[in-house]
Each structure stands twice: as C-alpha cells, then as structure tokens.
Amino acid sequence: MGATFADQPLVDPKTLYDQCRMLGLRQDWVGLANGLCNPAGVRSGIGHLLMTRASLDLIDFNTPQSLSIFHEPTSTQIDFESLVITECEAITPSFPGDPDAVFHVRVADIRHLWRFAVIDAGFNLRETPTGNYRKETTFEESGTPHTWQQMFDAVWETLPADYRGDTPTLPEVTEGTPEAFDFYATYTIDAIEMILARLGCALTFNPTADPEDAIYSVVPLGDPDAYETFTASVDDLARLRLDDNEGLEGNLGRVPAQVNVLFRKQMPVANGENPWHTITVADPNDPVPGQLEDTTVWLIDDLTADYQGDTLTNVTGLTSRADSRAAEYFRSVRRDGHSLRRLVYSGAQISILPGEWVSEVSWFDRGGGVMTEVKLIPDNGQPTAEWPGNKPQAWRETEIVRPDDESEDEPPEGYTAGKVVRYDATTGEWVDRHDCWIRDTDT
C-alpha cells in the first residue's frame with residue numbers, strides 16, 4: 001500500500017481482513033482503517049491506521065508526525081501534517097513486544113491538543129443593567145468595548161502557543177458590537193464554537209499545510225460567493241468520481257419566510273413580564289418556491305434592548321443587528337444550488353477541503369486503492385443559526401454617588417462612571433438620566 005506514517009509503512013487492510021475473518025479474529029476496525037477524516041470545526045479530525053509493533057517502536061509518540069499517501073496512477077504524494085497518536089491496540093494474537101503484531105492506531109490532528117485549553121474572562125459585560133461595560137471586560141481594559149475580531153483574538157490566544165498558528169480573520173458578516181459574552185471558567189474550544197455559531201460561521205483546518213503557515217480559517221456557512229469556486233472544483237474532478245449521494249427535494253417546509261430576533265430586555269423585567277424584545281425580519285432574498293407565509297424561527301441575540309421606562313433607547317442598533325442576523329440565517333439555510341450530499345473520488349484529492357459548502361473530507365485506502373470522500377453541509381445544517389446564549393448576569397448591590405463638582409471628569413479611586421435615573425411614580429416612567437459614580441458596596 002502506498003502510505004506511511006512517520007516514514008513507517010502501513011499494513012494492507014484487505015490482506016489483514018482476509019486473515020482475521022479466516023481465523024475468527026476481531027474486525028471492528030474494518031471500514032475505518034486506513035483513513036483520515038478532517039471535519040470543519042474545533043473538534044479534531046480522527047484517523048485509523050494499521051501498523052506493526054516493529055514500526056511503532058521506531059516512532060516518537062510524543063511528537064506530532066506526518067501521514068503520507070502515495071497515489072500510484074498519478075505518481076503524486078500528499079502529506080498530512082502534525083498528527084498525534086492517541087491510542088494503539090493490538091488486533092492480532094501475539095506476545096508482549098511481538099514485532100509482527102498488528103495494531104489499530106488511532107491518530108488525531110493537532111486540534112486534539114486544544115482539549116485542555118481554558119479561558120477565564122468576560123467580554124463587554126455590563127456593570128449595571130443599562131450602564132457602562134465593566135472596564136476589565138473591555139479591550140485592554142480601556143473602557144472601549146471589544147470588537148468581534150478583538151474578542152476572537154483574545155479567545156484564540158488561550159490555545160497552546162505551539163499549536164494554534166495564526167489567528168484567523170473573521171468574515172465581515174455581522175453588525176455592531178458583541179455584548180455579554182461570559183467565558184469565565186470555560187474551555188476555549190467551547191468559547192470558539194459559541195462565537196462562530198453566533199456568527200453563522202465555521203472554523204476550517206488544512207491538514208496538508210505546513211504547521212507554521214495559516215492552516216486555520218473562518219468561513220461563513222453557505223456563502224453564495226464561494227459556491228462558484230466549489231462547483232468548479234467538483235466539475236474539475238468529475239472524471240474521477242466513483243460514487244455520490246445525489247438528492248432531490250422540495251422546498252416546502254424547508255425555509256421559513258421570516259425570523260424573529262430576540263433581544264433580552266434591560267432593565268430587568270418584573271416576574272411574569274415578557275423578557276424579550278422581538279424584531280421580525282422577512283427573508284431579504286427572492287422567495288424560494290414552497291416557502292410558506294408566516295413561518296418563523298427564533299434567533300436569540302447577544303445584544304440587549306435598553307429601556308428607560310417604556311422607551312426603547314437603542315432601537316436603531318437593534319434594528320441593524322436584526323437585519324444582520326436575518327442575513328446570516330438565510331445565507332446558511334437557503335443554500336441554493338446544490339443537491340449533492342456525498343462525493344467519492346479516486347485518489348487523494350485536496351482541491352476540495354472543508355469550508356463554506358463542505359462539512360468533512362476523508363482520505364482512505366481500505367485495500368482497493370486511495371479514495372477521497374467529500375461530505376457536504378446539508379440544507380438546514382444550522383436549523384436556527386442560534387447563538388446559544390450566556391449565563392444570566394446577577395447585578396451586585398452598589399453605592400451611587402452624584403459628583404459634588406460636575407466639572408470633574410475622573411471618578412475617585414474605587415468608583416467607576418455610570419448613569420442614574422429617577423423613577424417618577426406619578427407617571428410610571430424613568431426620568432432625569434444623570435452621570436454618576438458607582439462603587440460595589442463590598443469593595
């Protein structure tokens with residue numbers, strides 16, 4: 001077989017299968033080895049290899065290694081970099097240390113090394129329900145809120161330095177400022193997933209690139225601008241296609257006509273009161289045949305709806321954000337154009353990798369030659385493109401001080417700048433919004 005791992009040969013799975021079946025040995029590895037799967041996202045790709053103990057004894061298990069696949073018909077070789085051995089298990093009868101014993105070797109790409117990365121930080125968390133952001137949760141503690149990219153950069157930098165590469169640039173697919181991202185006591189991969197799910201995007205990994213290069217990127221799911229490039233790659237490989245799962249489907253019940261974007265209300269609402277401010281946005285694209293009127297999905301947003309009494313004070317920002325969320329959602333679920341689900345090609349192909357339209361690519365040789373399998377992101381792959389939300393904030397008891405000298409710009413030590421409003425019981429409204437200084441009562 002034309003494949004090596006850490007320059008050591010792999011065992012032919014077809015020959016081993018025949019032997020195991022004849023001797024009644026375990027065959028749970030059949031259909032897995034030899035192959036490597038590369039999914040989109042933060043979860044690591046997994047590979048299954050067959051190797052002898054003699055070969056494994058020559059490999060440093062504590063150093064990432066390369067898998068090389070040689071495609072004989074075209075005399076080409078593809079190297080998959082930085083794979084980590086996670087488990088080895090003998091599958092043929094042997095004595096301990098038998099050099100001829102065959103092992104089922106499980107490997108993972110370097111995203112596997114992100115499992116123990118943690119973050120303990122908050123981003124753009126409010127000090128009071130409708131007031132300023134807590135200074136320590138703003139960009140470089142400057143008081144200026146993080147942008148989406150600045151927040152993503154800070155989260156990314158908590159990954160292991162040797163195995164994170166360059167921080168990917170986020171696509172310009174969102175509107176406004178992120179708010180209330182509470183990543184205290186959070187695993188980094190969960191924080192990354194939360195941000196990208198909120199943006200309707202996916203992280204992609206190129207296993208053939210040099211680890212020191214930009215091997216990660218962030219792409220908007222279902223980006224129509226990328227569809228032409230994707231279909232051109234499919235057309236270029238048409239003569240090598242061995243199998244596919246082409247589908248035919250109707251649009252009836254597939255794409256809703258509108259979205260309801262939910263913004264949590266601030267000030268905190270009374271018990272029993274609807275806690276959400278809702279903005280309905282219709283699909284901004286041309287109608288899809290079979291798109292039913294008045295069909296809706298909910299999208300929870302991170303931005304809050306700021307009320308002063310019964311008056312909504314940030315309606316312009318909420319409207320822009322709602323339009324942005326609708327565009328993100330319909331981009332990811334309309335996915336106009338394709339009906340394919342799975343493609344299998346002869347040889348090790350790398351012209352198609354996970355991205356805007358592809359969820360997973362696998363390379364394998366199960367004894368019949370090297371093949372490449374491409375799985376597409378299905379329609380409604382993100383049924384609500386929903387930001388999963390954060391922990392609710394509990395407001396601490398504070399002391400509020402009105403400045404004696406209103407010309408003073410800087411609050412005294414221990415205080416931060418804020419706003420105070422007075423409740424007029426006769427009108428039932430909050431009035432007279434003033435600058436003030438705020439201090440937590442337990443500091």
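These numbers were taken from a predicted model, which means no experiment stands behind them.
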- prompt: Yes or no on side-chain contact (heavy atoms from CB on, under 4.5 Å) for Ile46 and Arg106, after CA distance, side-chain angles and deciding distance?
  reply: CA-CA 7 Å; Ile46 301 297; Arg106 295 172 177 84; 5.5 Å; no

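- Proximity of Ile300 to Trp276: side-chain heavy atoms (C-beta onward) are separated by under 4.5 Å at one or more points.
- Salt-bridge formation is not detected for the pair Glu157/Arg164: no Lys NZ or Arg NE/NH1/NH2 atom is positioned less than 4.0 Å from an Asp or Glu carboxylate oxygen.
- Annotation: side chain of Val155 is in contact with side chain of Phe123 (closest heavy-atom distance under 4.5 Å).
- For Asp190, the salt bridge (charged side-chain N to carboxylate O under 4.0 Å, His left out) criterion is met by Arg43, not counting sequence neighbours.
- Partner Arg321 forms a side chain to side chain donor-acceptor pair (under 3.5 Å) with one of Asn314, Thr177, Asp301, Thr316 and no other, that one being Asp301.
- For the pair Ser320 (side chain) and Gly317 (backbone), a donor-acceptor distance under 3.5 Å is absent.
- In this view, Phe139 and His146 satisfy the ring-ring contact (aromatic ring centres under 6.0 Å, His included) rule, not counting sequence neighbours.
- Side chains of Leu170 and Leu196 form a contact here, defined as non-hydrogen atoms less than 4.5 Å apart.
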ring-ring contact (aromatic ring centres under 6.0 Å, His included) evaluation trace for Trp148 with Phe152: CA-CA 6 Å; Trp148 289 99; Phe152 188 74; over 10 Å; no

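- The heavy-atom pair separating Pro13 from Asp365 by the smallest distance is CG-O, 3.4 Å.
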- prompt: Stepwise, does the side chain to side chain donor-acceptor pair (under 3.5 Å) test hold for Thr304 with Asp306?
  reply: CA-CA 6 Å; Thr304 56; Asp306 294 341; 3.3 Å; yes

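- Using a 3.5 Å distance cut-off with no hydrogens or angles, the side chains of Tyr227 and Glu356 do not pair a donor with an acceptor.
- Here the shortest heavy-atom pairing between Ala326 and Val281 reads CB-CG1, 3.5 Å.
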message: Using salt bridge (charged side-chain N to carboxylate O under 4.0 Å, His left out), reason through Arg126 and Glu179 one step at a time and then give a plain yes or no.
response: CA-CA 8 Å; Arg126 295 207 185 197; Glu179 182 167 309; 3.0 Å; yes

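- The aromatic rings of Tyr307 and His277 sit perpendicular to each other, their planes meeting at more than 60°, with 30° as the lower class boundary.
- A distance of 10.5 Å separates OG in Ser359 from CG in Asn38, rounded to the nearest 0.5 Å.
- Atom CG of Asp302 is separated from atom CZ of Arg325 by 7.5 Å, given to the nearest 0.5 angstrom.
- For the pair Asp243/Met371, no side-chain contact is recorded, criterion being any heavy-atom separation below 4.5 Å from C-beta on.
- Of the possible polar contacts, one joining the Thr138 side chain to the Gly143 backbone as a donor-acceptor pair under 3.5 Å is found.
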task: For Gln65 and Leu83, run side-chain contact (heavy atoms from CB on, under 4.5 Å): C-alpha distance rounded to whole Å, both residues' side-chain angles, the deciding distance at 0.1 Å, then the answer.
output: CA-CA 5 Å; Gln65 305 289 348; Leu83 300 178; 5.6 Å; no

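- Here the side chain of Thr186 pairs a donor or acceptor atom with the backbone of Tyr184 at under 3.5 angstrom.
- By the neighbour-count criterion of 12 heavy atoms within 6.0 Å, atom CD of Glu87 is densely surrounded, having more than that number from other residues, nucleotides or ligands.
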task: Kindly indicate, with the supporting measurements, whether the criterion side-chain contact (heavy atoms from CB on, under 4.5 Å) is fulfilled by Ile189 and Glu193.
output: CA-CA 6 Å; Ile189 58 176; Glu193 277 193 323; 5.6 Å; no

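- Using a distance-only test at 3.5 Å, with no hydrogens or angles considered, no donor-acceptor pair links the side chain of Arg26 to the main chain of Ile91.
- Residues Ala226 and Trp357 come closest through the heavy atom pair C-NE1, 3.8 Å.
- For the pair Leu237/Ser351, a side-chain contact is recorded, criterion being any heavy-atom separation below 4.5 Å from C-beta on.
- Between Cys201 and the options Ser217, Pro168, Pro220, a side chain to side chain contact (heavy atoms under 4.5 Å, CB included) holds for only Pro220.
- Of the inter-residue distances, the one linking Glu360 atom CD with Leu353 atom CG reads 12.5 Å to the nearest 0.5 angstrom.
- Contact annotation: the side chain of Asp166 never approaches that of Tyr216 to less than 4.5 Å [non-hydrogen atoms, C-beta and beyond].
- Judged by distance alone, the side chains of Thr280 and Asn260 do bring a donor and an acceptor atom under 3.5 Å apart.
- Distance check, rounded to the nearest 0.5 Å: CD1 of Ile119 to OH of Tyr187 gives 14.0 Å.
- In this structure, CD1 on Ile110 lies 5.0 Å from CZ on Phe205, to the nearest 0.5 angstrom.
- With rounding to the nearest 0.5 angstrom, the CZ atom of Phe364 is 10.0 Å from the CD1 atom of Ile69.
- Taking all atoms of both residues into account, the shortest heavy-atom contact from His104 to Leu50 is CA-CD2, 4.3 Å.
- The closest donor-acceptor contact from the side chain of Asn124 to the backbone of Pro145 lies at 3.5 Å or more, if one exists at all.
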- request: For Tyr329 and Val261, run side-chain contact (heavy atoms from CB on, under 4.5 Å): C-alpha distance rounded to whole Å, both residues' side-chain angles, the deciding distance at 0.1 Å, then the answer.
  value: CA-CA 11 Å; Tyr329 172 78; Val261 186; over 6 Å; no

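- When all heavy atoms of Glu81 and Ser66 are compared, the closest pair comes out as OE1-OG, 2.8 Å.
- Aromatic ring centroids of Trp114 and Tyr163 lie 6.0 Å or more apart.
- Asp120 places a side-chain N or O within 3.5 Å of a backbone atom of Ala185 that can act as its donor or acceptor partner.
- Heavy atoms only, all atoms of each residue included: Thr86 and Val107 are closest at OG1-N, 4.2 Å.
- Every salt bridge (charged side-chain N to carboxylate O under 4.0 Å, His left out) that Glu136 has, sequence neighbours left out, goes to Arg134.
- Counting heavy atoms from C-beta outward, His112 and Pro64 have side chains that stay 4.5 Å or more apart.
- Here the side chains of Trp156 and Leu203 are in contact, with some heavy-atom distance below 4.5 Å.
- In the model, Asp79 has a side-chain atom that pairs as donor or acceptor with a side-chain atom of Gln77 under 3.5 Å.
- No donor-acceptor pair closer than 3.5 Å links the side chain of Thr296 to the backbone N or O of Gln258.
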